[in-house]
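Inspection log for the structure reproduced underneath, given as structure tokens.
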Amino acid sequence: MAKKRVYEYAKEKNISSKDVINEAKKMDIHFNTHMSAMEDNQISALNNVFSSNKQAETKKVPEKNTSVSHQNEKQKNKGDHHIDNAKKQSRTNQSHQKGKAVNNEKKSTSTNGKNRQAQNHKQNQPNKQADNNGSRTTKQQTKSTKPAREKRSTDPTVSVGTDKKKAGNKPFRNRGSMGTHGGYNKRKKKGKKNESRPVTPPVPRKQRELPETLVYSEGMTVAEIAKKLHREPAELIKKLFMIGVVATQNQSLSKDAIELLAAEYGIESEEKVEVDISDLDVYFNQEVDESKLVERPAVVTIMGHVDHGKTTLLDTLRNTKVSEGEAGGITQHIGAYQIEKDGKKITFLDTPGHAAFTTMRARGANVTDIAIIVVAADDGVMPQTVEAINHAKAADVPIIVAVNKVDKPSANPDRVMQELTEYGLIPEAWGGDTIFVNISAKFGQNLEELLEMILLVAEVQELKADPDRLALGSVVEARLDKSKGPIATVLIQEGTLRVGDPVVVGTTHGRIRVMVNEKGRRLKTAGPSTPVEITGLNTAPLAGDQLVAFEDEKTARSVGEAREKQAMAEQRTATHRVTLDNLFSSLQEGELKEVNVIIKADVQGSVEALASSLNKIEVEGVRIKIIHTGVGAINESDVTLAAASNAIMIGFNVRPTPQAKVQADQNEVDIRLHRIIYNVIDEIETAMKGMLDPEYEEKVIGQVVVRETFTVSKVGTIAGGFVTDGVIRRNSGVRLIRDNIVIYEGELASLKRFKDDVKEVKNGFECGLMIKDYNDIKVDDVIEAYEMVEIKR
Ligand SMILES: Nc1nc2c(ncn2[C@@H]2O[C@H](COP(=O)(O)OP(=O)(O)OP(=O)(O)O)[C@@H](O)[C@H]2O)c(=O)[nH]1
């Protein structure tokens, strides 16, 4: 049952939520907000308080008709309309009170002392209505319907459906529906006839609260949604009907229908997004907790034209900065390094050139925060400079231009500036917003200024990450080390990676065994923007692969294995095997200049004859290349060779071994089996010309047993049959089988269900049929229906 919330309780009691919270506090029950859920025992404890309050209020009036008088008093102030209502209510209440007395008497005989006390206590409560709905609902009423009833009787003017959104929940509203089942209306009638007779009040079935939001997935059935809404499927079916959707209980509903239904109930609807845990992007796109974000170092990539000094700049920075302050630290190339400037770190990706940058980006790793475009001042803007600019712009990464080699006499930095304006990079001095720094990478000139500019751009970008979460990162470089196994340099992007963390990297997984930084020092943890070399993965990942750390190894393993499987499946479908079917298109696309063929035959003579005939085929200058011939069955090594060299396999008077057949199916190797040389030549030639006819295969689709026959003059024999298997279609081919012998093969002339012509008749149904040009159909004949389907060669 849905828990009652404080505000709902307060509403029922006609008091403020604050009063409830305060009163509860006195009893050492702590509700944080008006939305807090209430336990049953808490409700009854509070009931005692609030009922006694009310008792105190109404003590002065005679006990019997407390509620009536109280209400009537109230009503008097509310105009004629309300007075009428109040009168009606008063009448009902009078009868209710009497009914209650009877009822309570009954109850007290069957309950123990404790309950009796409770009952008496209830009797003393004002406006308490009795119930007489049998034992089925007794428990429910004593528990939670009480406040609802109290509310009704204390204030009859609380109109039905004041809150339309939740009106469906209100017991009051349900009286109507109760009436349709006879419960309430009957009683009402009785009440009219003889008002003095005790009448049991209606006890509306307490419905559970509607959820605030209906979380659904497309294709859910009516019954499933009913469960989510805590409503009867019949009610939903009715509502659906009203909005023009005719559905049965077990029918799946479309997204639109579900949303309309939710709107009918006045609640929000939200489609449940199925999260694929093997999709690493899901982890990267997780919501961030803004409050946990802290500043992180900028990640910088250096790009530019060949020989403009990218490597020199990276080397100079590494040599002068990395080992600074770390005596004895031997800098190593791990694909990225960090330096420190004015107490702030900057991470440099140590793989210059935009090819690496773009490869990483293509693999989903947008790790770069700032791109430095190096342009040699003596050479100016070159094709790769432009490419680098375009790549940086495509990635939406801010650019700093480093005009290099300014130490050279032939250097002309102004010309570089001038040329770059064409590409939208306008120096600040000229009114633009691109930072230009004149440097000499070789002599370390102005490098401090360059670093300052990097920090400045980084500051503007407000680069932040949450170091407390599970680590996310990207592979910068990876290799297989003979002694250490797979090694990868990872740049941590979010969270902190720890030694021992289970991780998934690309399509591999493992547990971090050792982490070292660019100085060869072992690290236990690595925070955001830190590059580290890790070992412990099962296989070497690829540059740009994403790293995700997991809480437990089991999840990491299952995600890793799922990804591995996916990757294998993708790879398999990606490999483009040459088959006779796609031979022509492959030739056209220029993928093939030679058609590789493997010949296996029963005797050497056939092999040679076949090989020389195939070599003579000439189609638009494409040559057949026989890469392997042999005598005997087609074996697994033949298939492996065919797969590796994208060859078509021809078997002449031989068959593949069972293992070879399985392997050929797996590797999608096209095996053509023939017995006539001419057919082989013809088939290959037509395939090369792109004129191969599709091949069909017969497929039996159903069976009909003849139970009766009718002969109609001028029409022929009509068979009345029963479909015992599959389906028979009007356009299917048919075979008449008598005592397991095929007597006739032909087409249907007609297919009927009763008097109607139909397209098909399914298993378990009777049908009438006629076979074209054939009348000798007998009882117990079997009619087999078949179709010709095109088979993939
Ligand atoms: N005079 C001078 N020469 C420089 C400077 N920077 C680099 N060079 C020289 O320019 C040449 C090319 O430098 P690299 O750093 O290899 O250039 P790169 O852009 O990395 O070249 P690739 O790796 O081939 O793309 C080398 O001979 C460097 O010594 C500089 O600031 N001044």
Side-chain angles (χ1 to χ4, degrees), residues 298-324 331-339 341 346-362 367-368 370-395 397-420 423 425 427 434-454 476-479 489 491 518 531 543-544:
V299 179
V300 180
T301 300
I302 295 178
M303 301 194 272
H305 193 69
V306 180
D307 277 350
H308 278 199
K310 301 177 294 284
T311 317
T312 310
L313 176 58
L314 278 165
D315 285 349
T316 315
L317 288 171
R318 188 195 304 116
N319 295 336
T320 54
K321 291 281 176 181
V322 171
S323 6
E324 241 175 43
T331 57
Q332 317 182 331
H333 173 86
I334 65 161
Y337 61 79
Q338 261 186 339
I339 62 163
K341 164 79 182 159
I346 305 170
T347 305
F348 282 93
L349 291 185
D350 202 357
T351 36
H354 53 258
F357 173 81
T358 308
T359 316
M360 283 189 67
R361 214 161 69 80
V367 293
T368 304
I370 298 166
I372 295 185
I373 310 277
V374 177
V375 191
D378 60 339
D379 205 14
V381 173
M382 287 287 150
Q384 278 179 297
T385 316
V386 179
E387 276 181 33
I389 293 168
N390 292 339
H391 283 283
K393 279 187 177 171
V397 169
I399 294 171
I400 294 177
V401 180
V403 184
N404 192 27
K405 305 190 188 183
V406 289
D407 58 286
K408 279 193 162 185
S410 55
N412 187 353
D414 281 353
R415 189 180 61 137
V416 175
M417 287 190 192
Q418 184 64 50
E419 286 172 344
L420 283 176
Y423 304 97
L425 299 179
T434 308
I435 298 172
F436 279 68
V437 187
N438 293 342
I439 59 160
S440 167
K442 195 172 177 177
F443 301 105
Q445 198 181 318
N446 246 0
L447 296 193
E448 291 297 331
E449 197 187 327
L450 178 67
L451 295 179
E452 271 168 29
M453 291 304 139
I454 292 173
V476 177
E477 264 185 22
R479 66 197 154 94
T489 297
L491 180 77
E518 66 272 3

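Atoms within each ligand, like the ligands themselves, are counted from 1 in listed order. The figures here come from the full heavy-atom set of this structure, side chains too, leaving out hydrogens, waters and symmetry mates.
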*For ligand 1, is any non-hydrogen atom under 4.0 Å from Asp315's backbone (N, CA, C, O), its side chain (CB onward), both, or neither?*
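Answer for Asp315: neither.
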
*asked:* Please work out, at 4.0 Å between heavy atoms, whether the side chain, the backbone, both, or neither of Val306 comes within that distance of ligand 1.
replied: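 Val306 to ligand 1: contacts from backbone and side chain alike.
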
Give the atom numbers and elements of ligand 1 that come within less than 4.0 Å of a heavy atom of [X].
{"X": "Asp407", "value": "1 (N), 2 (C), 30 (C), 31 (O), 32 (N)"}
{"X": "His305", "value": "19 (O)"}
{"X": "Asp307", "value": "10 (O), 12 (C), 17 (O), 18 (P), 19 (O), 21 (O), 22 (P), 24 (O), 25 (O)"}
{"X": "Lys408", "value": "1 (N)"}
{"X": "Ser440", "value": "30 (C), 31 (O), 32 (N)"}

*Does Gln445 come within less than 4.0 angstrom of ligand 1, counting non-hydrogen atoms of the residue?*
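No heavy atom of Gln445 comes that close to ligand 1.
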
*Let me see the working for Ile454 and Phe348 under side chain to side chain contact (heavy atoms under 4.5 Å, CB included), right down to the final yes or no.*
CA-CA 11 Å; Ile454 292 173; Phe348 282 93; 3.8 Å; yes

*Give yes or no for whether the N/O distance cutoff of 3.5 Å, strictly under, is met between Ala441 and ligand 1.*
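Checking ligand 1 against Ala441, an N or O pair does fall under 3.5 Å apart.
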
*Output yes when the distance from some N or O of ligand 1 to some N or O of Gly309 is under 3.5 Å, and no in every other case.*
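Among all N and O atoms of Gly309, at least one is under 3.5 Å from an N or O of ligand 1.
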
*asked:* Under the rule for side chain to side chain contact (heavy atoms under 4.5 Å, CB included), what residues qualify as partners of Asp407, not counting sequence neighbours?
replied: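 Listed in chain order: Lys405, Ser440, Phe443, Gln445.
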
*Among all residues two or more places apart in sequence or in another chain, which pass the side chain to side chain donor-acceptor pair (under 3.5 Å) test with Lys408?*
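Testing Lys408 for side chain to side chain donor-acceptor pair (under 3.5 Å), a comparison that skips the adjacent residues, returns Asp378.
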
_Flag, side chain of His305 to backbone of Gln384, donor-acceptor distance under 3.5 Å_ =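 Yes.
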
*asked:* Any side-chain to backbone donor/acceptor pair from Lys310 onto Ile302? Under 3.5 Å, distance only.
replied: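 Pair absent, no side-chain N/O of Lys310 close to backbone of Ile302.
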
*Is there side-chain contact between Glu449 and Val437, with heavy atoms separated by less than 4.5 Å?*
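Sidechains of Val437 and Glu449: in contact.
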
_Phe436 CZ to Leu450 CG distance, which is reported to the nearest 0.5 Å_ =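 Reported to 0.5 Å precision, the distance equals 13.0 Å.
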
